[in-house]
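What follows is one structure encoded as structure tokens, with my remarks underneath.
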Amino acid sequence: MNITETLTTTVAAVLKQLYGIEQSADSIVLQDTRKEFRGDYTLVVFPYVKQARKAPEAVGAEIGEAVKAALPLVAGYNVVKGFLNLEIADSYWLQFVAEKAADGNFGLSTPAAESAPVVVEYSSPNTNKPLHLGHIRNNLLGWSVSQLLTAAGADVRKVNLVNDRGIHICKSMLAWLRYGNGETPESSGMKGDHLVGKYYVEFDKHYKEEVKQLMESGVEEEQAKREAPLMVEAQSMLKRWEEGDKEVRALWEKMNGWVYAGFDETYARLGVGFDKVYYESQTYLLGKELVQKGLGMGVLFRKEDGSVWCDLTGDGLDQKLLLRKDGTSVYMTQDLGTALLRHNDFGAERLIYVVGNEQDYHFKVLKLILGKLGFSWADKVYHLSYGMVELPNGKMKSREGTVVDADDLIDEMEKTAEEMSREHGKNDDLSDEERKHLYHILALGALKYFILKVDPTKNMLFNPAESIDFNGNTGPFIQYTHARIRSIVRKAEESGVKLTGNGEWKVMMTEKERGVVKALHALPETVMAAAAAYSPAMIANYAYELAKAFNSFYQDTPILRESDEQTKAFRVQLCAFVANALKNTMNILGIEVPERM
RNA sequence: GGCCCUGUAGCUCAGCUGGAUAGAGCGAGAGUCUUCUAAACUCUAGGUCCUGCGUUCGAGUCGCAGCAGGGUCACCA
């Protein structure tokens with residue numbers, strides 16, 4: 001039983017005994033005492049004054065007295081208006097440090113042996129252009145949520161569903177055939193995904209020109225868009241692809257290969273990865289069988305033209321197309337199929353999709369249809385819907401050239417990290433390789449923290465004109481705090497300070513030390529709460545609070561300079577504890593922490 | 001137009017299931033390095049929590065209405 005449970009069960013018993021109030025322990029909420037008051041946990045007594053028939057102050061005092069008498073770890077209490085502030089004995093905090101400081105996995109749970117896995121799908125790129133800032137948010141969130149659920153005790157499998165087929169790929173292929181002159185990543189020195197993206201843009205340029213000419217010759221816009229020669233040819237290429245045309249398939253494989261090599265490089269730089277990669281080209285037909293089954297079950301219906309639909313009007317939605325009249329499948333059809341495939345592949349307890357909130361409707365429909373098809377696991381599908389990344393003048397638009405490219409952004413961050421580091425000039429003794437690694441983890445630390453500290457469900461703003469900060473509430477701030485602490489711990493070890501972690505500490509804690517200990521104490525429950533909310537942002541905010549509490553302590557408390565050996569050892573132990581907690585929380589965010597910087 | 005999401009300091013964001021005088025960072029102003037890493041710390045200034053009504057002992061938080069912004073309503077993915 002943890003301390004809040006201990007306190008709430010005692011309060012529940014006290015309420016019953018004093019006033020005959022029946023209230024379950026888990027419905028009693030304790031909040032952290034605000035720092036301007038004395039105490040650690042606060043009980044709001046207003047809800048009980050009516051039944052107790054006494055003034056709030058009196059009720060608070062009576063409960064406080066009774067709780068103190070019942071629990072030795074409650075050292076005292078005070079009542080301010082209707083707020084009962086309970087003061088926890090230092091011995092409790094000291095014991096907590098003694099027990100947990102040396103635990104390298106503090107705050108992390110290990111998966112239960114028998115638990116079914118949780119499958120997290122994220123990234124899921126199209127293979128016609130390179131990754132951009134929106135993908136970065138997706139990838140960082142997907143990776144971090146996976147880490148977070150793992151930290152909360154889940155057995156996580158990360159999967160990627162690559163959209164490697166479709167008209168968009170054909171556009172790049174066609175443009176490359178027409179205008180590429182055999183250009184390759186090798187011959188051009190371009191990263192493969194960028195090269196393919198270049199031809200996607202090239203297609204669009206020529207296509208627009210064709211549409212314009214058609215319209216000038218009097219063709220309606222709709223028709224011009226449909227009948228422009230390039231579009232017609234792209235469509236026919238797609239058809240040939242579906243028929244298995246050797247030439248088309250060979251080109252498709254070649255260009256996709258370039259893209260994958262490019263993606264792999266970006267994934268590696270971002271520090272993300274997958275346990276399994278699905279390719280839509282291999283799964284896109286799966287949904288069709290389900291549709292047949294659905295027709296047989298009578299939950300789907302066929303219109304006169306032969307197209308197949310699901311009627312969702314009973315659920316307050318529309319009718320949804322599942323097969324075109326020519327029998328080809330749409331996005332939803334494929335997603336139904338891949339959901340089943342994934343369920344069968346993993347026997348998953350949950351299927352999590354990290355996908356932007358622009359697809360909220362899609363997932364609502366997906367779950368409904370899976371349910372109608374009779375899959376009991378339909379409610380295990382969870383759409384982790386995250387907000388858009390907006391630029392100061394709105395959404396990113398590839399046509400307007402306002403897309404922030406992922407590789408460019410990482411390059412930019414690394415350059416900034418290097419400049420900042422050189423300015424500080426603290427790493428002159430590092431080797432070139434170590435220094436490069438440092439710049440990299442600082443760059444990624446700044447970028448990842450910047451993105452992950454924002455509530456995933458909310459849209460966020462990114463201003464390319466202002467580079468991401470390295471001071472204040474940032475990744476490097478926390479990385480710096482860690483490096484500083486490690487420096488102290490290294491020096492302590494060199495001078496032979498003994499960290500008698502399992503001994504009992506007999507020291508007087510300062511207010512700042514207590515603040516640090518309490519922050520540490522909150523880690524396990526923070527991890528569980530963040531996992532329940534799928535929110536790396538809660539972890540980021542926690543890490544920041546902890547780092548701030550430590551820095552404040554560090555600023556005016558001697559550690560290695562402390563003359564009392566017992567106190568010095570305790571403080572060093574506390575330092576090591578904080579460093580480890582920072583490391584573990586930053587790891588959940590996918591951020592590496594340096595030993596020095 | 002229907003449905004969904006968002007609206008907190010000049011800017012970017014916290015604020016857990018309703019609880020004390022609404023918090024950080026950046027930016028602005030003032031201090032702190034002969035001493036454990038100043039990418040830090042300490043102060044100051046800055047708010048009709050979009051508006052109104054309601055529920056409640058108590059509302060930034062819950063409900064309703066309105067206003068503003070975004071998303072979505074494809075035989076695209």
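Because the structure is a prediction, the values reported are computed rather than measured. Throughout, protein chains are lettered first and strands after them, A, B, ... in sequence-line order, and every chain is numbered starting at 1.
- Looking at heavy-atom distances under 4.0 Å, A:Glu466 makes no contact with the nucleic acid at all.
- No hydrogens or angles were tested; on distance alone, nothing pairs the side chain of A:Asn473 with the base of B:C13 as donor and acceptor under 3.5 Å.
- As judged by a 4.0 angstrom heavy-atom cut-off over every strand, A:Thr557 is placed among the base-contacting residues.
- Contacts of A:Leu323 with the nucleic acid, taken as non-hydrogen atoms under 4.0 Å apart, are absent.
- Within 4.0 Å (heavy atoms only), A:Asn85 reaches at least one base atom of the nucleic acid.
- Glycosidic conformation, B:C57: anti, with the torsion outside 90° of 0.
- Checking B:A38, B:C13, B:G70 against every side-chain atom of A:Met460, the shortest atom distance belongs to B:C13.
- The residue A:Leu461 sits close only to the backbone: its heavy atoms come under 4.0 Å of sugar-phosphate atoms, none of a base.
- Closest approach to the A:Asp360 side chain among B:C4, B:A20, B:C41 is made by B:C4 (side chain taken as heavy atoms from C-beta onward).
- The side chain of A:Lys458 approaches B:A14 more closely than any other nucleotide in the set B:A14, B:G19, B:A38.
- Heavy-atom distances to RNA chain B give each of A:Thr33 and A:Ser487 a nearest nucleotide, and the one nearer the 5′ end belongs to A:Thr33.
- A:Lys81 comes within 4.0 angstrom of the backbone, heavy atoms only, and of no base.
- As judged by a 4.0 angstrom heavy-atom cut-off over every strand, A:Phe83 is placed among the base-contacting residues.
- Across B:A14, B:C75, B:C36, the shortest atom-to-atom separation from the side chain of A:Asn541 is found for B:A14.
- A:Asp455 comes within 4.0 angstrom of sugar-phosphate atoms only, judged by non-hydrogen atoms across all strands, and of no base.
- In this structure the side chain of A:Glu87 never reaches within 4.5 angstrom of the side chain of A:Tyr41, judged on heavy atoms.
- Among the atoms of the strands shown, base atoms are found under 4.0 Å from some heavy atom of A:Ala483.
- For the pair A:His168 and A:Arg596, nearest-nucleotide mapping onto RNA chain B gives the more 5' position to A:Arg596.
- Checking B:A77, B:A39, B:A20 against every side-chain atom of A:Val80, the shortest atom distance belongs to B:A20.
- The side chain of A:Phe46 has B:G19 as its nearest neighbour among B:U72, B:G19, B:G70.
- If you check distances only, the side chain of A:Thr42 does reach the base of B:A20 with a donor-acceptor pair under 3.5 Å.
- Within 3.5 Å, no donor on the side chain of A:Thr481 pairs with an acceptor on the base of B:A40, nor the reverse.
- Among B:A20, B:A40, B:A77, the nucleotide with an atom closest to any side-chain atom of A:Gln555 is B:A40.
- Distance from the side chain of A:Asn471 is smallest to B:A40 among B:A40, B:A20, B:A77.
- Of the candidates B:C73, B:C75, B:U42, the closest approach to any side-chain atom of A:Trp309 belongs to B:C75.
- At a threshold of 4.0 angstrom between heavy atoms, the contacts of A:Pro47 include nucleobase atoms, whether or not backbone atoms are also involved.
- Closest to the side chain of A:Leu560, from the set B:C26, B:A77, B:C36, is B:C36.
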